[in-house]
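Since the structure comes first, as structure tokens, the remarks are kept for the end.
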Amino acid sequence: MAGNDKLVALVNSFASAVLSVGREVGLNITLNKSKVSQGIKVANVCTTALIGVVGVGSRGTVNIMLDKPGFENIIGAMSGGMIAPVLGDDVSMSVIGELSNMIGGRALVQSALGTVDVTPPQLIIGENIKNVTQEDNGMRSFTLPFELQPAGGLFLVLSFKID
């Protein structure tokens, strides 16, 4: 598969996985297509799940970044309201880790690339988290913003180098 085709397959697979997994766990989630952009464009993010993507001829990272209302919305939906959404709480954070595992696994199955694996997620919390990726030597980044109802945002930040 050519480099650009592989890049398109990865981006589309992760975007589709966010939507399908999100809906399966009870989220009302939509991709804001008008705000999809090259580069990294996020705001007011309080937590991220960082996943490494490695394979033959490709490497990169996937960040599932959430604002505070998005974090609360996801914890509530995935736990049926049984878990209080508290940043840094082990149980709350394990929900975000599980969501990212589900998205990563689904994306790899959908991409059908076969030679790509994902690492376990690294969970990061803080105020106004930023993702900084060097866009040189063929590394390309994209931000896909998703809206959650009744409130919140999820930013899928993808950075890949395809050889």
Side-chain angles (χ1 to χ4, degrees), residues 1-42 45 47-67 70-71 73-80 82-83 85 90-124 129 131 133 135 138-149 152-163:
M1 182 179 283
N4 276 344
D5 292 341
K6 187 181 253 189
L7 181 63
V8 168
L10 284 166
V11 171
N12 287 338
S13 295
F14 273 95
S16 176
V18 168
L19 290 169
S20 63
V21 168
R23 290 178 181 139
E24 287 173 14
V25 300
L27 294 171
N28 182 352
I29 185 168
T30 56
L31 173 61
N32 188 339
K33 292 180 184 177
S34 68
K35 292 190 178 179
V36 171
S37 60
Q38 286 193 9
I40 301 168
K41 298 187 175 68
V42 299
V45 174
T47 188
T48 187
L50 171 64
I51 302 168
V53 179
V54 292
V56 176
S58 61
R59 66 179 171 85
T61 59
V62 174
N63 277 279
I64 300 167
M65 306 180 87
L66 302 167
D67 62 14
F71 172 80
N73 195 334
I74 288 170
I75 301 300
M78 288 187 67
S79 73
M82 300 293 290
I83 298 172
D90 290 343
V91 177
S92 291
M93 297 310 293
S94 73
V95 172
I96 302 304
E98 183 58 27
L99 177 68
S100 59
N101 281 329
M102 294 167 69
I103 290 169
R106 178 74 52 89
L108 291 186
V109 169
Q110 289 177 351
S111 72
L113 294 174
T115 59
V116 179
D117 288 316
V118 295
T119 64
Q122 296 293 313
L123 303 175
I124 302 164
I129 296 172
N131 181 13
T133 300
E135 290 201 11
M139 185 69 73
R140 295 181 59 195
S141 297
F142 305 90
T143 301
L144 290 76
F146 294 83
E147 296 174 359
L148 303 170
Q149 296 301 323
L154 180 153
F155 298 92
L156 182 65
V157 178
L158 306 163
S159 299
F160 292 115
K161 178 178 181 181
I162 308 295
D163 296 325

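Computed from a predicted model, the values in this text were never measured in an experiment. Starting from 1, each residue takes its place in the sequence as its number.
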Might you point out which heavy atoms bring A77 and G26 nearest each other, and give the distance in Å?
CB-O, 4.0 Å
Flag, side chain of S94 to backbone of V91, donor-acceptor distance under 3.5 Å
yes
Could you tell me which residues satisfy side chain to side chain donor-acceptor pair (under 3.5 Å) with S100, sequence neighbours excluded, listed by chain and number?
none
Flag side-chain contact, heavy atom, 4.5 Å: I64 against F146:
no
Are the side chain of T61 and the backbone of I51 linked by a donor-acceptor contact shorter than 3.5 Å?
no
Does N32 have any side chain to side chain donor-acceptor pair (under 3.5 Å) partners at least two apart in sequence or in another chain, and if so, which?
S34, E147
Quick one: does T143's side chain have a donor or acceptor within less than 3.5 Å of a partner on K41's backbone?
yes
Rounding to 0.5 Å, atoms CD (Q38) and OG (S141) come to a distance of 9.0 Å
Walk me through it: do L158 and L10 pass the test side chain to side chain contact (heavy atoms under 4.5 Å, CB included)?
CA-CA 9 Å; L158 306 163; L10 284 166; over 6 Å; no
Heavy atoms, side chains only, cut-off 4.5 Å: are F155 and I40 in contact?
no
Nearest heavy atoms of L123 and M93, plus distance in Å:
CD1-O, 3.1 Å
For A17, which residues count as a side-chain contact (heavy atoms from CB on, under 4.5 Å) partner, sequence neighbours excluded?
I103, R106, A107, Q110
Heavy atoms only: give me the nearest V95-I83 pair and the separation to one decimal.
CG2-CD1, 3.9 Å
To check you understand the geometry: which heavy-atom pair defines the closest contact between P121 and N101, and what is its length?
CD-OD1, 3.1 Å
Using side-chain heavy atoms (C-beta onward) and a distance below 4.5 Å, is V53 in contact with F14?
yes
Working to the nearest 0.5 Å, report the span between CD1 of I74 and CG of L154.
5.0 Å
Main-chain N/O of L108 paired with S13 side-chain donor or acceptor, under 3.5 Å:
no
Taking atom CD of Q122 as the centre, does the number of heavy atoms from other residues, nucleotides or ligands within less than 6.0 Å exceed 12?
no
Quick one: does N73's side chain have a donor or acceptor within less than 3.5 Å of a partner on Q149's backbone?
yes
Closest non-hydrogen atom pair between I124 and T47, with its separation
O-OG1, 3.0 Å
Donor-acceptor contact below 3.5 Å, side chain S16 vs main chain N12:
no
Just to verify, which of I96, V45, L99, I129 counts as forming a side chain to side chain contact (heavy atoms under 4.5 Å, CB included) with L66?
I96
Looking at every non-hydrogen atom in both residues, tell me the closest pair between S92 and F71 and how far apart they are.
CB-CZ, 3.9 Å
Applying salt bridge (charged side-chain N to carboxylate O under 4.0 Å, His left out) as the test, list every pair that has at least one member in residues 52-67; sequence neighbours left out.
none
